[in-house]
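Proteins come first, then strands; the chains are lettered A, B, ... in the order of their sequence lines, and each starts at number 1.
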Amino acid sequence: MGKFLITLRGSLPSCLRETGYSYPMQLLSKLAVGITQAINRCGFPNKDLEGQIRQVADAKFGDYQFNGAMGLAKELGLPPREVAVRIAEHLSLPDILATVEVAGPGFLNLRLRNDWLSSQLQTMGASDCLGVGRANPPLTYVIDFSSPNVAKPMHVGHLRSTIIGDSIARVLRFLGHKVITDNHLGDWGTQFGIILHGFKNQLNQENFAKDPVGELARLYVEVRKQFKTEESEDQTTDPVQEACRNETAKLHHGDEENRRLWQQFMPLCLKEIQKVYDRLDIHFDHTHGESHYQPFLHGVVESLEKQGLAVETDGAMGVFLKEGQPPALVRKRDGAFTYMTTDLATIQSRVQENDPAHILYVVDSRQAFHFQQLFEIARTWLKPKAQLHHVSFGSVLGPDRRPIKTRSGDAVASLDQLLDEATRLAREVNQSNSQPDGSSGEAPEEDAAGDAEVIGIGAVKYADLSQNRTSDYVFNWEKMVAMDGNTATYMQYAYARNRSIFRKGGIDMEKFRIDLRSISLETAEERQLGMQLFRFLEAVQHAGVDYRPNVLTSYLWDLAKAYSIFFQNCPVLKAESEALKMSRLGLCDLTARVLKTTLDLLGIRVLEKM
RNA sequence: GCCCCUGUAGCUCAGUGGAUAGAGCAACGGUUUUCUAAACCGUUGGUCGCAGGUUCGAUCCCUGCCAGGGGUGCCA
């Protein structure tokens with residue numbers, strides 16, 4: 001491969017090589033080889049080349065474009081268009097390219113041959129994984145996501161880590177990597193001390209019997225309210241906070257009563273959380289909470305101390321990293337360990353047990369400083385071969401544009417409420433569209449409740465996933481439960497309409513898929529849809545390289561648009577000839593499979609009828 | 001104080017060192033004897049916070065400023 005930057009819409013090209021992404025259908029590397037050869041034939045230098053091969057900005061220019069000629073021209077002191085023309089003249093990829101055109105100040109616009117594209121679509125269609133195949137070599141990823149505090153009910157703020165993490169796991173698995181997901185529950189920190197303190201002093205027995213988790217959550221909020229505010233100058237003298245710290249420390253030191261209570265609370269909390277995961281269709285390989293690492297914490301601090309990393313400071317043990325920066329505390333004055341200690345133990349354990357190439361933390365961007373410290377300590381301490389990444393995401397803001405905080409006990413929509421509302425709306429829309437008024441769609445009567453859940457939860461997930469994870473966003477009920485425009489519902493609907501064609505046509509899917517025919521891309525609509533289908537691989541790669549599910553939602557939107565235009569303009573069952581009908585059915589079926597698979601990578605299900 | 005992030009259409013947000021900066025929603029107008037109208041088509045809407053700099057080319061990179069937010073030794 002040449003020294004090109006292969007750009008998948010701005011993704012990090014070197015990652016493609018580093019992560020060993022090499023798939024038979026990879027077009028960009030083929031183009032890179034061809035263009036490198038052309039540049040060599042011209043006698044132009046190809047080192048330090050800032051050129052780029054990418055999808056065209058506008059379909060009217062072609063399919064792909066090469067932007068390197070302008071930079072090269074500057075280096076050579078030649079007119080940019082002349083350089084572009086010479087590269088174009090020497091560019092020879094006769095099987096793949098139909099046209100190579102120089103345009104504007106020196107762009108090289110490339111158009112793929114229809115027969116080549118068609119053959120690629122056949123390859124995709126014949127492949128179970130739609131031409132994506134296996135990464136070579138597969139890498140091991142540990143992905144840490146969701147990680148709620150078990151003592152509190154999940155709310156909209158927990159949604160992002162949970163569904164973004166799940167989607168990243170699905171994408172990396174689909175790309176052929178080994179993925180280990182781990183829900184690092186907050187089940188051992190100060191929040192338990194708070195609950196223990198509340199339980200011992202302010203318990204409402206009746207509530208606890210009726211709704212134990214609800215009562216624990218209430219206690220948490222109640223006790224938090226009694227803390228001195230952050231403005232007060234000396235929080236170390238706060239008696240309530242001190243008492244909570246004391247309960248935490250007792251738990252950590254093996255106090256019998258606190259251990260017993262912890263063991264009583266945990267199954268209740270876990271059951272509550274599991275309900276949400278079941279609804280969201282999210283599963284973990286491990287649920288190793290903070291408590292899981294408790295036996296190793298002493299050893300961690302000891303080891304850090306031995307290496308001279310941790311030193312005593314005001315009675316606590318801390319690691320000083322940078323001048324002027326506060327130390328990272330690994331053991332508090334009262335002997336309790338911190339989440340820094342737990343996170344270090346967790347890294348150690350993951351490195352030893354899984355030997356991963358990457359460990360991803362899908363966590364709120366506000367914890368950036370923590371991860372910076374954590375990674376720095378871990379690298380010095382363990383010298384792991386694993387790369388550590390904080391896959392951060394922005395905050396969910398309230399209507400006042402300020403982050404929703406639960407520490408202060410803000411009232412926020414619970415996740416259950418959100419999912420209920422979305423499901424309720426889905427049922428409403430579904431019913432209104434199922435009236436026997438002649439113009440309605442096929443009424444799916446069998447499992448209306450289940451269908452509404454698929455649509456409603458899909459809508460909620462899509463609303464979150466379609467946003468770039470790094471930016472904050474304002475929480476909005478209507479947006480979260482919207483079912484028109486660029487939403488999961490739109491994709492599910494496109495899928496359902498697509499399947500309807502096959503039902504109406506009485507097509508035997510198994511026979512049809514075995515008996516694949518060549519796909520005609522004669523009309524502009526067919527061509528555009530085919531092109532979009534072909535780009536599936538690039539979209540998944542890009543999403544995987546950047547850990548960004550919203551790349552997939554953008555792709556889906558483009559694909560669904562292309563399909564809608566095709567659907568509108570190209571009759572399938574009533575196509576002019578049997579051959580054209582079969583070709584278009586082939587396009588439809590491939591579209592359905594790509595839609596379904598991409599939605600699956602987002603953790604969203606489809607319905608055969610809507 | 002120090003560190004980090006953000007600023008793009010009325011609202012919510014995409015996007016990119018390259019061609020005329022895009023969607024959804026909202027508003028307005030149109031499409032249903034034709035494979036599902038949860039759809040489609042069209043119109044309106046922008047000094048990409050401000051000012052410099054680097055570059056053949058900057059909304060994107062750099063610096064400063066303004067505005068908002070976050071973090072910051074005993075919460076996680």
By the 4.0 Å heavy-atom rule, please label A/Arg81 as base, sugar-phosphate, or nothing. nothing

For B/C75, take OP1 and OP2 only and decide whether either is under 4.0 Å from a side-chain N or O of A/Arg245. yes

B/U36 base / A/Lys504 side chain donor-acceptor hit below 3.5 Å: no

Quick one: look up who B/C48 pairs with, Watson-Crick or G-U, both distances under 3.5 Å, and put none if it's unpaired. none

Quick one: label A/Ile194 by what it contacts on the DNA or RNA (base, sugar-phosphate, nothing), any heavy atom closer than 4.0 Å. nothing

If you check every side-chain atom of A/Ala496, which of B/C74, B/A19, B/U36 has the closest atom? B/U36

Would you classify A/Gln372 as touching base, sugar-phosphate or nothing, given that sugar-phosphate means primed atoms plus P, OP1 and OP2, and contacts are heavy atoms under 4.0 Å? nothing

Output the single nucleotide from B/C75, B/A76, B/A38 whose closest atom is nearest the side chain of A/Gln241. B/C75

Among B/U36, B/G17, B/A19, which is the nearest nucleotide to the side chain of A/Arg503? B/U36

Any side-chain N or O of A/Asn498 less than 4.0 Å from the OP1 or OP2 oxygen of B/U36? no

Taking atom P in both B/C50 and B/A38, compute the distance separating them and give it to the nearest angstrom. 42 Å

Using the C1' atom in both, what is the distance from B/C62 to B/U54, to the nearest Å? 7 Å

Mind checking A/Ser365 for me? I need base, sugar-phosphate or nothing, with any heavy atom below 4.0 Å counting as a touch. nothing

Between the base of B/A19 and the side chain of A/Asn109, is there a donor and acceptor pair under 3.5 angstrom? yes

Go ahead and name the base partner of B/C13; Watson-Crick or wobble counts if both distances stay under 3.5 Å, otherwise write none. B/G22

Report yes if at least one side-chain N or O of A/Arg366 is closer than 4.0 Å to OP1 or OP2 of B/A76; otherwise report no. no

So what does A/Asn476 hit on the nucleic acid, given a heavy-atom distance under 4.0 Å: a base, only sugar-phosphate, or nothing? nothing

For the rings on A/Tyr293 and A/His184, is their centre-to-centre separation under 6.0 Å? yes

Please state how far atom OH in A/Tyr563 lies from atom C1' in B/C40, giving the value in whole angstrom units. 14 Å

Which nucleotide in B/U34, B/U36, B/G15 has an atom nearest any side-chain atom of A/Ser500: B/U36

Nearest to the A/Val429 side chain among B/U12, B/A38, B/C41, which nucleotide is it? B/A38

So, is A/Lys332 near the phosphate of B/C75, with a side-chain N or O under 4.0 Å from OP1 or OP2? yes

Between A/Tyr555 and A/His542, is the gap from one ring center to the other below 6.0 Å? no

Look at the side-chain N and O atoms of A/Arg331 and state whether any lies under 4.0 Å from the OP1 or OP2 oxygen of B/G73. no

Atom C1', compared across B/U8 and B/A14: separation rounded to whole Å: 10 Å

When rounded to the nearest Å, what value does the distance between P atoms of B/C48 and B/A58 take? 13 Å

Between B/A76, B/A14, B/U36, spot the one nearest the side chain of A/Thr338, thanks. B/A76

Closest listed nucleotide, where the reference is the side chain of A/Tyr339 and the choices are B/C35, B/C40, B/A76: B/A76

Kindly point out which of B/U12, B/G24, B/G73 is positioned nearest to the side chain of A/Lys479? B/U12

Does A/Gln367 make a side-chain N or O approach to OP1 or OP2 of B/A76 shorter than 4.0 Å? no

Taking the six-membered ring for Trp, does A/Trp557 stack with B/A23 (centroid gap under 5.5 Å, planes within less than 30°)? no

Are A/Phe107 and B/A19 stacked, counting the six-membered base ring, centres under 5.5 Å, planes under 30°? yes

Would you classify A/Asp314 as touching base, sugar-phosphate or nothing, given that sugar-phosphate means primed atoms plus P, OP1 and OP2, and contacts are heavy atoms under 4.0 Å? base

Between B/G53 and B/G17 - P atom distance, rounded Å: 23 Å

Grab the CE-C1' distance between A/Met491 and B/G24 for me, whole Å please. 11 Å

Proximal nucleotide (of B/A38, B/C74, B/A14) relative to the A/Met483 side chain: B/A38

Could you check whether the side chain of A/Asn430 and the base of B/A38 have a donor-acceptor pair of N or O atoms closer than 3.5 Å, going by distance alone? yes

Base B/A38 paired with A/Tyr493 side chain (donor-acceptor, <3.5 Å): no

If you look at every strand shown and take non-hydrogen atoms under 4.0 Å, does A/Ala316 touch a base, only sugar-phosphate, or nothing? base

Paired to B/G42 by Watson-Crick or G-U wobble criteria (both distances under 3.5 Å) is B/C28

Over all strands shown, is A/Phe567 touching base, sugar-phosphate only, or nothing at heavy-atom distances under 4.0 angstrom? base

B/A9 versus B/G49 - spacing of their C1' atoms, nearest Å: 15 Å

So that I know where these two stand, are A/Phe337 and A/Trp188 an aromatic pair - ring centroids less than 6.0 Å apart? no

Hey, which of A/Phe371, A/Tyr547, A/Tyr361 is the one that makes ring-ring contact (aromatic ring centres under 6.0 Å, His included) with A/His389? A/Tyr547

What's the CD-P distance between A/Gln568 and B/U34, to the nearest Å? 12 Å

According to the Watson-Crick and G-U wobble definitions, with both distances under 3.5 Å, which nucleotide is paired to B/G7? B/C66

Just compare B/A76, B/U20, B/C41 and give me whichever is closest to any side-chain atom of A/Lys60. B/U20

At under 4.0 Å between heavy atoms, what does A/Ala73 touch on the DNA or RNA strands: base, sugar-phosphate, or nothing? nothing

